K.L.:
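One structure is given below, represented as structure tokens, and several questions about it will come after.
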Amino acid sequence: GWAGEGPGAGSKNRHVCHAAAQLEMGSLWEEFNRLGTEMIVTKAGRWELEWPGELQRWGGTPFPPPSLCRRMFPTFQVKLSGLDPLADYVLLMDFIPLDDKRYRWGWGSGGRGPDLGMLSPSLPCRYAFHSSSWLAAGRAEPAAPGRVHFHPDSPAKGAQWMRQIVSFDKLKLTNNLLDDNGHIILNSMHRYQPRFHVVFVDPRRDSERFAHQNFKSFSFPETQFMAVTAYQNHRITQLKIASNPFAKGFRDSDPEP
């Protein structure tokens, strides 16, 4: 659906006050949200946890290719309207914690774990399983360094932004606190809300005085997710494989008789 800022939007600059954003693939986001969306966060090189089965191969190469690791799926995409076609805008995203808790998922004594198709029954379990759901496991870890991701086409005219769907397909997530590649740093087993911001490039020399008026923010509750280093809910794994276009070879490949 369409989203806009809440109370206080009336004090915004005329170049952003009418801005509106529609989330693309909304029905897919909602489908994931009903199951409890999970997004992979790993340190550089640990792509093997992105998909179940470290030895799964696609076309003779490891699946997924390393270049696809840690990218969000579904991809955050929006359709914009209400911008000044001739004004310049910067688009960016950030991620805020949804609460002050960390979570756990797994199985404990007497419980039956989900069939992830990737764990040996003899392996020790790290989390407690309870009715196939996430459980609060204590206070949140110290917040990861706050970062924003600028859309690579920024700045651009409002007409350009409104002409086509805006896709943040270059955005990557990591749990590496020492990351120096500009990726978004998140704590695993914590819940996050992505936020999208439209910033008017104010040409006035004293534009910093009006910074609070020159942007508009959007949040879509259906895009909330749990940051994980490996998928915990097997239904999320199945839905990602079924709906991710990069998984076509993985879906179509059947074991040889």
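The shown structure was predicted, so the numbers you read here are calculated from the model rather than taken from an experiment.
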K.L.:
Roughly how far, to the nearest 0.5 Å, is CG of Asn176 from CG of Leu186?
P.N.:
12.0 Å
K.L.:
Do the side chains of Arg71 and Asp169 get close enough for a salt bridge, i.e. N-O under 4.0 angstrom?
P.N.:
no
K.L.:
With rounding to the nearest 0.5 angstrom, report the NZ to CD distance, Lys79 to Gln22.
P.N.:
9.0 Å
K.L.:
Would you name the heavy atoms of His190 and Lys101 that are closest together and state the gap between them?
P.N.:
CD2-O, 3.6 Å
K.L.:
In terms of hydrophobic clustering (I, L, V, M, F, W, Y; side-chain heavy atoms under 4.5 Å; direct or indirect links), are Leu35 and Met189 co-clustered?
P.N.:
yes
K.L.:
Is there a donor in the side chain of Thr223 and an acceptor in the side chain of Gln193, or the other way round, less than 3.5 Å apart?
P.N.:
yes
K.L.:
Between Trp29 and Thr75, which heavy-atom pair has the shortest distance, and what is it?
P.N.:
NE1-O, 3.7 Å
K.L.:
So, is the end of the Lys12 side chain (NZ or CZ) under 6.0 Å from the ring centre of Phe215 and within 45° of the ring's axis?
P.N.:
yes
K.L.:
Counting only heavy atoms from other residues, nucleotides and ligands, does the tally under 6.0 Å from CZ of Arg204 exceed 12?
P.N.:
yes
K.L.:
Does Thr42 offer a backbone N or O that forms a donor-acceptor pair with the side chain of Thr174 under 3.5 Å?
P.N.:
yes
K.L.:
For the residue pair Tyr192 and Phe95, is the inter-centroid distance of their aromatic rings smaller than 6.0 Å?
P.N.:
no
K.L.:
To the nearest 0.5 Å, how far apart are CE in Met162 and CG in Leu80?
P.N.:
8.5 Å
K.L.:
Taking side chain as C-beta onward, heavy atoms only, is Leu91 less than 4.5 Å from Val199?
P.N.:
no
K.L.:
Work out which heavy atom in Phe196 is nearest to a heavy atom in Ala21; give both atom names and the distance.
P.N.:
CE2-CB, 4.1 Å
K.L.:
Could you walk me through whether Tyr89 and Val16 pass side chain to side chain contact (heavy atoms under 4.5 Å, CB included), step by step?
P.N.:
CA-CA 9 Å; Tyr89 296 88; Val16 296; 3.9 Å; yes
K.L.:
Is there a continuous path of hydrophobic side-chain contacts, each under 4.5 Å between heavy atoms, that joins Trp134 to Val41?
P.N.:
yes
K.L.:
Please test Met72 against Leu171 for side chain to side chain contact (heavy atoms under 4.5 Å, CB included), starting from the C-alpha separation and ending with a verdict.
P.N.:
CA-CA 7 Å; Met72 292 178 62; Leu171 188 154; 3.8 Å; yes
K.L.:
For residues 142-149, please give each side-chain donor-acceptor pair under 3.5 Å, one per line with the distance, not counting sequence neighbours.
P.N.:
unit_1	atom_1	unit_2	atom_2	d
Arg147	NH1	Asp179	OD2	2.6
Arg147	NH1	His183	O	2.7
Arg147	NH2	Asp179	O	2.6

K.L.:
CD/Glu222 to OG/Ser27 distance, rounded to the nearest 0.5 angstrom?
P.N.:
10.5 Å
K.L.:
Hydrophobic clustering (ILVMFWY, side-chain heavy atoms < 4.5 Å, transitive) - are Met93 and Ile165 grouped together?
P.N.:
no
K.L.:
Would a 4.5 Å heavy-atom cut-off, applied to side chains only, mark Val166 and His151 as touching?
P.N.:
yes
K.L.:
Can you tell me how far the CG atom of Asn214 sits from the CZ atom of Arg14, to the nearest 0.5 Å?
P.N.:
11.0 Å
K.L.:
To the closest 0.5 Å, what do you measure between CD1 (Ile40) and OG1 (Thr229)?
P.N.:
7.0 Å
K.L.:
So do the side chains of Leu98 and Gln224 get within less than 4.5 Å of each other, counting heavy atoms only?
P.N.:
yes
K.L.:
Is there a side-chain contact between Gln213 and Ser207 in this structure, where contact means two heavy atoms from C-beta onward sitting under 4.5 Å apart?
P.N.:
no
K.L.:
Do you know the tightest heavy-atom contact between Asn233 and Glu38?
P.N.:
N-OE2, 3.1 Å
K.L.:
In terms of ring plane angle, is the pair Phe168 and Phe76 parallel, tilted or perpendicular, where the classes change at 30° and 60°?
P.N.:
perpendicular
K.L.:
Starting from Leu173, can I reach Ile185 by hopping between I/L/V/M/F/W/Y residues whose side chains sit under 4.5 Å apart?
P.N.:
no
K.L.:
Side-chain contact test, heavy atoms from C-beta onward, threshold under 4.5 Å: evaluate it for Val228 versus Trp105 and give yes or no.
P.N.:
no
K.L.:
Is the backbone N or O of Cys17 less than 3.5 Å from a side-chain atom of Lys216, with the two atoms forming a donor-acceptor pair by type?
P.N.:
yes
K.L.:
Might you work through the side chain to side chain contact (heavy atoms under 4.5 Å, CB included) test for Phe73 and Phe32, ending with a clear yes or no?
P.N.:
CA-CA 10 Å; Phe73 184 83; Phe32 273 104; 4.2 Å; yes
K.L.:
Ignoring hydrogens, what is the shortest heavy-atom contact between Pro194 and Ser219? Give both atom names and the distance.
P.N.:
O-OG, 4.1 Å
K.L.:
Would you say the side-chain atoms of Ser243 pair up with the backbone N or O of Leu239, donor to acceptor, closer than 3.5 Å?
P.N.:
yes
K.L.:
Treating Gln77 as the side-chain partner and Met25 as the backbone partner, does any N or O pair qualify as donor plus acceptor under 3.5 Å?
P.N.:
no
K.L.:
Before giving the answer on side chain to side chain contact (heavy atoms under 4.5 Å, CB included), spell out for Asp153 and Gln160 the whole-Å C-alpha distance, their side-chain angles and the decisive distance to 0.1 Å.
P.N.:
CA-CA 10 Å; Asp153 292 341; Gln160 177 178 329; 4.2 Å; yes
K.L.:
With sequence neighbours left out, which residue pairs that include part of residues 186-197 fulfil the salt bridge (charged side-chain N to carboxylate O under 4.0 Å, His left out) condition?
P.N.:
Asp94-Arg195, Asp99-Arg191
K.L.:
Does Arg139 reach the side chain of Asp100, with side-chain heavy atoms less than 4.5 Å apart?
P.N.:
yes
K.L.:
Heavy atoms only: give me the nearest Ser154-Trp161 pair and the separation to one decimal.
P.N.:
OG-CZ2, 3.6 Å
